[in-house]
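Each chain gets a letter, A, B and so on, in the order the sequences are listed, and its residues count up from 1. These values consider heavy atoms only, across backbone and side chains, with no hydrogens, waters or symmetry-generated copies.
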There are 2 protein chains.
Amino acid sequence: MTQTAARPADAYPDLYGSNEGGAVGRVTLQTIADQVGVSRMTVSNAFSRPDQLSTELRERVLATAEKLGYAGPDPAARVLARGTTGAVGVLLTESVGTAFQDPIAAAFFGAVAEELAPTGLAVALLPSVGSAAMIPARDIPMDGALVYACAGDLGAVSFLLRRRLPLVFVDQAPVEGASSVLLDDRPGARAAAQHLLDLGHRHVGILTTGFGLPPGVAPDPAEAGTGYVSRERVAGWMSALGPAGVRVTAVNITDNSEEYAAEGIRTMLALPDRPTAVLCFSDLVAWTVEQVAREQGLRIPEDLSVVGYDDSPVARNAQPQLTTVRQDLAAKGRAAATTLTRAIARSRGEAGAPDGPEHVLVPTELVVRGSTGPAPA
Amino acid sequence: MTQTAARPADAYPDLYGSNEGGAVGRVTLQTIADQVGVSRMTVSNAFSRPDQLSTELRERVLATAEKLGYAGPDPAARVLARGTTGAVGVLLTESVGTAFQDPIAAAFFGAVAEELAPTGLAVALLPSVGSAAMIPARDIPMDGALVYACAGDLGAVSFLLRRRLPLVFVDQAPVEGASSVLLDDRPGARAAAQHLLDLGHRHVGILTTGFGLPPGVAPDPAEAGTGYVSRERVAGWMSALGPAGVRVTAVNITDNSEEYAAEGIRTMLALPDRPTAVLCFSDLVAWTVEQVAREQGLRIPEDLSVVGYDDSPVARNAQPQLTTVRQDLAAKGRAAATTLTRAIARSRGEAGAPDGPEHVLVPTELVVRGSTGPAPA
DNA sequence: GATAGCTTCTGTACCGATACAGTAAGCCTC
DNA sequence: GAGGCTTACTGTATCGGTACAGAAGCTATC
């Protein structure tokens, strides 16, 4: 077989047993069973179910395995026979590289992996693309997957669905029957907007992604934007601003990036009658607003109040520090991990598993810092 | 079998074929083969080697598969039969959570995944621990692995070695026979130290991890610290400072964290005769030095020059911006990814693959900003 | 001293695919 | 119209394990 023929049997020569047993070719359970003089099943048990044989025999088996340079049951074969893989996938729309630049996403993945580690589950990052021959969402063995903010990326998601894998949707509306972990964005966003109202602001700017609206038009939360998250945040803001009857100027930005944010805030500040406060989709956007405003000679918060979102590290590095809505990333990660393991348990019909999809809301909280102040007179 | 018995066949009811074919139980290649009236092999080819059968038949097969709600060849079985998994592992010593808090590590993983995506390879994060029943390094199917700064974590590494997996060591000395991707730390560190010498500093502080030395003792690069990286950096610094005959005060910090860095710099500044410049293990440490120095009423760089390492985002957020040694994380990630794919190709004996382990050095470069200045008179 | 209940090991029957060689038919080519 | 290529499909032999139901021997129990 080509796949084994050329495997260089002598890499790392001194780091595994020296193969004194003289085993040629591939060492399998059977090789060891023959050497020790027991059945293959016993060798399997020696590795995977130690309580099924005497310690004495187990040690003889393990010693022989060591001598033959046998690393333990072949993971691929084990996965097939057991029907369980020990890995869960994480699907990302954005290129994985971009996702990791975002401290929010990175911290979330970290928390997920952290929570999963004790269970022995590894996390596989699934690029949503791939070659024709290899589509990770379709071809990687896994026990379940997290679908993370995959706006409209139905290709990869539908592979996961067809495989009937237990799925948890994070920061994104779940498909029917699947679990979800969502940020409870509305109350946080609402509190942020209320905070501005309390400070006397009567004209509020909104700088967000996912709404293709011309400047000056207040976004309608009912109207489907591309992003679930931005929709929720807008809904929260508007739930305070709308009833208050204040003026709202929304500017859509193409992407949650410094560049587009700068473009957006420039547009907004160039309006004949500009808002006195801006609610931003993210801390990154808010941070950019501070930069641009300063360039234009505006003082923050005296001339312009700015509110971010996420309470990411930049919120505290900003000058002045950002008023923002905190999301507890560790909690979100933990929730995602446990919801997924529970969904997996459910798919196996294990006792104690939930009997339907679960939906977790992770709380958000307004954090007031120096970037917001009373409306100018 | 327990593992299939309880799988709820009716999750996501409307998202895959409605199973009108009336197939009961598990749908496999054979099920479809029987329906269509062809051999199982033909169905396999329809999915995996489209050029092996007529388009007409292929479409009939695919349509039947769709109708039966068949998602495609079972990944686990495919992995076993093909001998290739489509995933590579990344082994981390630190808890995965901590690793992701570090923007350097996060950016590196991102770059790796990015580079790997077009090849269809997924990246599996392997926690170094796990339960007894499940040790990722031993039990997850993969084609190769990256070992990332796993100081002394021989447990998990030795599992990878025993499996004879193609391995690439990153930011860490490789084992014999394995490839490596290392930062070319010495020239960068040397340039940083030389920069301080050029500015007239005659007493330089070193704040790093991995050296258990009392304050005031210059670290000996030959002496093994725990961390390969800190050793290299110290070696680079000393290669300039040593010959210059200037005074060096080293303070060891327990961990690359704000807390320990603060403790370290306080110790250093409390010395009767304190250094006029500090070389730091990382930008995070340097950033902390700036904070603490400011608290103590020292001006930077007038009273104290500070040099960071990595050129991470904090270097530019710092006040003043940090003079630092830049490492090209994207390049490091790309190098790690391609070195690994080449090592995998080599293990398969593919044409064009290298015939031995490869060792890549990623260049570093001094970036001078505002945190360094002439030595005080 | 027969029954029951461990502990320890074994035999059989899968798990669900792919590789490779082979066969049969169709199409040229000279 | 025989030999040689293609194209399209099939049969057989794995890939390397695990689950589960025995079976054999040994110790308690009453």
Side-chain angles (χ1 to χ4, degrees), chain A residues 1-7 23 25-34 36-61 65 68 70-86 133-134 138-139 141 163 348, chain B residues 1-7 23 25-34 36-61 65 68 70-86 133-134 138-139 141 163 348:
Chain A
M1 300 221 25
T2 35
Q3 73 241 41
T4 63
R7 198 168 276 180
R26 200 144 195 73
V27 181
T28 71
L29 283 184
Q30 190 67 63
T31 320
I32 298 175
D34 293 348
V36 182
V38 293
S39 80
R40 180 177 45 170
M41 204 51 233
T42 298
V43 180
S44 171
N45 285 333
F47 281 98
S48 305
R49 306 174 73 174
D51 55 322
Q52 296 294 301
L53 70 175
S54 65
T55 348
E56 186 273 329
L57 178 54
R58 171 157 196 257
E59 266 159 23
R60 236 169 66 224
V61 170
L68 264 46
Y70 180 72
D74 181 280
R78 182 189 269 226
V79 165
L80 179 57
R82 294 224 271 219
T84 164
T85 70
M134 181 69 197
R138 187 191 60 185
D139 300 324
R163 285 172 67 178
R348 294 187 181 142
Chain B
M1 299 217 28
T2 35
Q3 74 241 41
T4 62
R7 198 168 274 181
R26 200 144 196 75
V27 181
T28 72
L29 283 184
Q30 189 67 63
T31 320
I32 298 175
D34 293 347
V36 182
V38 294
S39 80
R40 180 178 49 186
M41 204 51 233
T42 298
V43 181
S44 171
N45 284 334
F47 282 98
S48 304
R49 306 174 73 172
D51 56 322
Q52 296 294 303
L53 71 174
S54 66
T55 347
E56 187 272 329
L57 178 55
R58 170 157 197 259
E59 266 159 24
R60 237 170 63 226
V61 169
L68 265 45
Y70 180 72
D74 181 282
R78 181 189 267 224
V79 165
L80 178 58
R82 293 225 272 219
T84 164
T85 70
M134 181 68 196
R138 186 191 63 184
D139 300 324
R163 284 172 68 178
R348 294 185 181 146

**OP:** Specify the separation, in whole Å, of atom CZ of B:Arg348 and atom P of C:dA19.
**Re:** 12 Å
Strictly under 3.5 Å: I want the nitrogen or oxygen pairs between protein and nucleotides 24-26 of chain C, one per line.
none

**OP:** With sequence neighbours excluded, tell me which residues meet salt bridge (Lys or Arg N to Asp or Glu O under 4.0 Å) with A:Asp139.
**Re:** B:Arg78
**OP:** Any chance you could measure B:Leu57, atom CG, to B:Gln52, atom CD, to the nearest 0.5 Å?
**Re:** 12.5 Å
Subject >> Pair B:Arg348-B:Thr84, side-chain donor/acceptor within less than 3.5 Å >> reply: yes
Original post:
Once you round it to whole Å, what is the distance between C1' of C:dC15 and CZ of A:Arg78?
Top reply: 15 Å
**OP:** Check the distance between C:dA17's P and A:Arg163's CZ and give it to me in whole angstrom.
**Re:** 12 Å
**OP:** Just jot down the salt bridge (Lys or Arg N to Asp or Glu O under 4.0 Å) partners of A:Arg58, sequence neighbours excluded, or say none.
**Re:** none
Original post:
What residues, two or more places apart in sequence or in another chain, satisfy side-chain hydrogen bond (donor to acceptor under 3.5 Å, both in side chains) together with B:Arg138?
Top reply: none
Subject >> For A:Gln30, all residues meeting side-chain contact (heavy atoms from CB on, under 4.5 Å), sequence neighbours excluded >> reply: A:Thr28, A:Ala33, A:Asp34, A:Arg40
Subject >> Sequence-distant partners of A:Thr42, side-chain hydrogen bond (donor to acceptor under 3.5 Å, both in side chains), two or more places apart >> reply: A:Ser39
**OP:** With heavy atoms under 4.0 Å as the rule, sort A:Tyr70 into base, sugar-phosphate or nothing.
**Re:** sugar-phosphate
Original post:
Which whole-number value in Å describes the distance from B:Arg82 CZ to C:dC20 P?
Top reply: 12 Å
**OP:** Mind calculating the distance between CD (A:Gln30) and P (D:dT14) to the nearest angstrom?
**Re:** 14 Å
Original post:
To the nearest angstrom, how far is B:Arg60 atom CZ from D:dA8 atom C1'?
Top reply: 13 Å
Subject >> Between C1' of D:dG16 and CG of A:Asp34, the distance in whole Å >> reply: 14 Å
Original post:
Which of the following nucleotides, D:dG16, D:dT18, C:dG16, is nearest to the side chain of A:Asp74?
Top reply: D:dG16
**OP:** Identify, with sequence neighbours excluded, every residue that meets side-chain hydrogen bond (donor to acceptor under 3.5 Å, both in side chains) alongside A:Ser54.
**Re:** none
Original post:
Given atom CG of B:Leu80 and atom P of C:dC15, what is their separation to the nearest angstrom?
Top reply: 14 Å
Original post:
Quick one: CE on B:Met134 to OG1 on A:Thr85, what's the gap to the nearest 0.5 Å?
Top reply: 7.0 Å
Between the protein and nucleotides 7-12 of chain C, list every N/O to N/O distance that falls short of 3.5 Å.
residue	atom	partner	partner atom	Å
C:dC9	OP2	A:Ser54	N	2.8
C:dC9	OP2	A:Ser54	OG	3.1
C:dT10	OP2	A:Ser39	N	3.0
C:dT10	OP2	A:Ser39	OG	3.3
C:dT10	OP2	A:Thr42	OG1	2.6

